[in-house]
Amino acid sequence: MLVGSIIDVTSPQGRFASGAAVLDGRECYVAEAYGKHLLLHFDGEIFLHIHLGLFGRIRKHKIPAKDPRGAVRVRLVSATHVVDINGPTICEIIERESMEKLICRIGPDLIRDDADPDRAYERISKSRVTIGKLLMDQSEIAGIGNIYRTEILWRQSIHPDTAGRAITRRQFESFWTDAKELLTIGVKRNAIITVDDPPARSRVGERLNIFNKAECPTCAGPIARLKINGRRAFVCVNCQPLVPNKKLRV
DNA sequence: TTGATTGTTACCGG
DNA sequence: TCCGGTAACAATCA
């Protein structure tokens, strides 16, 4: 990520212009991510908080920079590069207190070394909410989005409608390890890859197992389409059976 | 021009 | 208090 000296900050367009000016001339020491939130730490205990949401993009270019493309909210300029932040849901300047509050309300981030899986399991194993919904709740576990949800549950043979409290410790541990590996690959390759051996130059469909597909790569059975919290989800009816748990009553 | 989309939050009602 | 549903917002591309 971006770490180093920012010698200029401009906000060519949009409603964040006044906030961006605060960063002008400050040094940026650390860029850190907590789940899907990005925090850039500047001089004077000032943080630039960014969440890209569904559509946001970060683009890096060498100097000399071209004109900003699209809705650039903040442009960070160093001696050698510019970084444009396009269309984020959140793009704000905050102080340490707000930054700490933010971190507190985010669940353990799968790919951070300081993540505590027990904290996530503690909550999930007590919840009547389905695991499909819990995985997208960033205050439970941070990092998983809509595509990873479908793909990881398929890899773990867990039906998304399984109640959180029906997930066993063993299942959770296996899920955590797998999810962590997949997200780490995703960061490294800058792509969502959930198949074990994707072709070198793959298309989106070749990197995924069942998301947006009709047929299960393992059993060749049909893939069912669901909506969970209004988002598309997919499930293999054979490989991810919904296990009834007689001890649980809903 | 329309629809879909790797996301989040506020608000309301049961 | 918990939980589900809906709307709002965002930018881009096919």
Side-chain angles (χ1 to χ4, degrees), chain A residues 11-17 19 33-39 49-59 67-75 83-92 94 98 101-107 109-111 122-155 160-166 179-180 182-195 198 202-213 225-234 248-250:
Chain A
S11 184
Q13 302 175 26
R15 60 187 181 172
F16 303 107
Y34 290 85
K36 300 170 185 173
H37 297 258
L38 181 64
L39 289 165
H49 172 210
I50 293 158
H51 191 299
L52 294 177
L54 211 48
F55 318 116
R57 292 282 181 276
I58 295 177
R59 296 194 182 96
D67 284 345
R69 182 152 65 92
V72 173
R73 300 306 189 198
V74 174
R75 165 169 278 188
V83 171
D84 283 342
I85 297 166
N86 281 66
T89 306
I90 298 170
C91 183
E92 60 179 1
I94 58 175
S98 316
K101 267 189 203 159
L102 169 72
I103 291 169
C104 282
R105 75 178 169 82
I106 302 172
D109 175 341
L110 280 155
I111 57 171
E122 186 66 19
R123 290 169 59 103
I124 288 171
S125 63
K126 291 193 172 83
S127 180
R128 289 195 281 190
V129 176
T130 63
I131 191 68
K133 285 176 184 164
L134 291 170
L135 289 191
M136 288 280 283
D137 183 341
Q138 304 295 305
S139 64
E140 302 283 346
I141 291 184
I144 293 178
N146 196 38
I147 294 178
Y148 279 119
R149 164 173 70 183
T150 279
E151 291 289 314
I152 295 169
L153 288 174
W154 176 81
R155 288 170 60 102
D161 288 343
T162 310
R165 62 183 184 179
K180 183 172 180 171
L182 290 180
L183 291 188
T184 304
I185 291 169
V187 169
K188 200 177 286 175
R189 305 275 298 267
N190 195 28
I192 301 175
I193 300 168
T194 61
V195 296
S202 54
R203 299 171 178 220
V204 176
E206 295 172 319
R207 300 180 205 134
L208 305 175
N209 294 293
I210 65 163
F211 192 90
N212 212 13
K213 306 237 172 140
R225 290 167 175 256
L226 329 168
K227 284 233 166 182
I228 308 176
N229 282 1
R231 308 294 304 282
R232 293 195 297 165
F234 300 82
L248 298 175
R249 231 172 28 81
V250 179

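Residue numbers begin at 1 in each chain, while the letters A, B, ... track the order of the sequences.
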Ignoring hydrogens and angles, tell me if any N or O in the side chain of [X] forms a donor-acceptor pair with the backbone of [Y] under 3.5 Å.
X: A:N146; Y: A:R232; answer: yes
X: A:K133; Y: A:D161; answer: no
X: A:R123; Y: A:G107; answer: no
X: A:K213; Y: A:L208; answer: yes
X: A:Q138; Y: A:I144; answer: yes

Tell me whether the OP1 or OP2 atom of [N] has a side-chain N or O from [X] closer than 4.0 Å.
X: A:H51; N: B:dT8; result: yes
X: A:Q138; N: B:dG7; result: no
X: A:R105; N: B:dT9; result: yes

Original post:
C:dA7 and B:dA4: how far apart are their P atoms, nearest whole angstrom?
Top reply: 15 Å

Original post:
When the P atoms of C:dA8 and B:dG3 are considered, how many whole Å apart are they?
Top reply: 16 Å

Original post:
What are the two closest heavy atoms between A:I192 and A:R207, and how far apart are they?
Top reply: O-CB, 3.5 Å

Subject >> Shortest non-hydrogen contact from A:I193 toward A:P198 >> reply: CG2-CG, 3.6 Å

Looking at [options], which one has an atom nearest to any side-chain atom of [X]?
X: A:F55; options: C:dA10, B:dT8, C:dG4; value: C:dA10
X: A:S127; options: B:dT6, C:dC3, B:dT9; value: C:dC3
X: A:F211; options: B:dT6, B:dT8, C:dG4; value: B:dT6
X: A:K36; options: C:dT12, C:dA10, B:dT8; value: B:dT8
X: A:R231; options: C:dG4, B:dT6, C:dC3; value: B:dT6

To the nearest Å, how far apart are [X] [atom1] and [N] [atom2]?
X: A:L182; N: B:dT6; atom1: CG; atom2: P; answer: 17 Å
X: A:R149; N: B:dT5; atom1: CZ; atom2: P; answer: 13 Å
X: A:D137; N: B:dT9; atom1: CG; atom2: C1'; answer: 12 Å
X: A:E140; N: B:dT8; atom1: CD; atom2: P; answer: 13 Å
X: A:I192; N: B:dG7; atom1: CD1; atom2: C1'; answer: 12 Å
X: A:I106; N: B:dT9; atom1: CD1; atom2: C1'; answer: 14 Å
X: A:I90; N: B:dA10; atom1: CD1; atom2: P; answer: 10 Å
X: A:E92; N: C:dA10; atom1: CD; atom2: P; answer: 15 Å

**OP:** Under 4.0 Å between any heavy atoms, over every strand shown, what does A:N229 touch: base, sugar-phosphate, or nothing? Just pick one.
**Re:** nothing

**OP:** Classify the nucleic acid contact of A:R232 as base, sugar-phosphate or nothing, counting any heavy atom under 4.0 Å across all strands shown.
**Re:** sugar-phosphate

Subject >> Each stem that DNA chain B is part of, given as range with range (3 or more consecutive Watson-Crick or G-U pairs, under 3.5 Å) >> reply: B:2-5 with C:11-14, B:7-14 with C:2-9

Original post:
Which class fits the ring pair A:H51 and A:H37: parallel under 30°, tilted 30 to 60°, perpendicular over 60°?
Top reply: perpendicular

**OP:** Nearest-nucleotide wise, let me know which of A:L54 and A:G230 is further upstream toward the 5' end of DNA chain C.
**Re:** A:G230

